[in-house]
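Right, one structure below, let's go through it.
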Amino acid sequence: MSLHAVLVLPAIAWLLSRTSWSDAAKQRIIYVAVGGYTAAVLGAAVWATLTR
């Protein structure tokens, strides 16, 4: 899961760099993406711990 983020987050940043959106909007989108991956990794860790 976390290795997937290493590929996707730079791609999102690159795509956002090609838009005319404000820097604040771009930053919020990146924060949401990072938060989503963080939640997914933590959720996977909890799931792995509880299902042992």
Side-chain angles (χ1 to χ4, degrees):
M1 180 71 66
S2 59
L3 289 178
H4 187 254
V6 171
L7 297 172
V8 173
L9 292 175
I12 292 172
W14 178 79
L15 288 171
L16 288 172
S17 74
R18 305 184 57 79
T19 68
S20 61
W21 298 344
S22 70
D23 287 340
K26 293 176 188 178
Q27 190 173 22
R28 280 192 301 270
I29 292 169
I30 291 294
Y31 284 159
V32 168
V34 169
Y37 273 108
T38 301
V41 168
L42 290 175
V46 169
W47 180 264
T49 302
L50 294 176
T51 58
R52 279 190 161 193

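Interatomic distance, OG1 of T49 versus CH2 of W47, reported as 12.0 Å (0.5 Å rounding). The distance from atom NZ of K26 to atom OG of S17, rounded to the nearest 0.5 Å, is 6.5 Å. Here the CG atom belonging to L3 is positioned 8.0 Å from the CG atom belonging to L7, to the nearest 0.5 angstrom. One distance of note links CG of L16 with CZ of R28; it measures 11.5 Å at 0.5 Å rounding.
Both L9 and I29 are members of a single hydrophobic cluster when ILVMFWY side chains are connected at heavy-atom separations under 4.5 Å.
In this structure, P10 and A5 approach most closely via the heavy-atom pair CD-O, 3.8 Å. Shortest non-hydrogen contact noted between L15 and T19 is O-CG2, 3.5 Å.
The one candidate from V32, V34, I30 that meets the side chain to side chain contact (heavy atoms under 4.5 Å, CB included) condition with I12 is I30.
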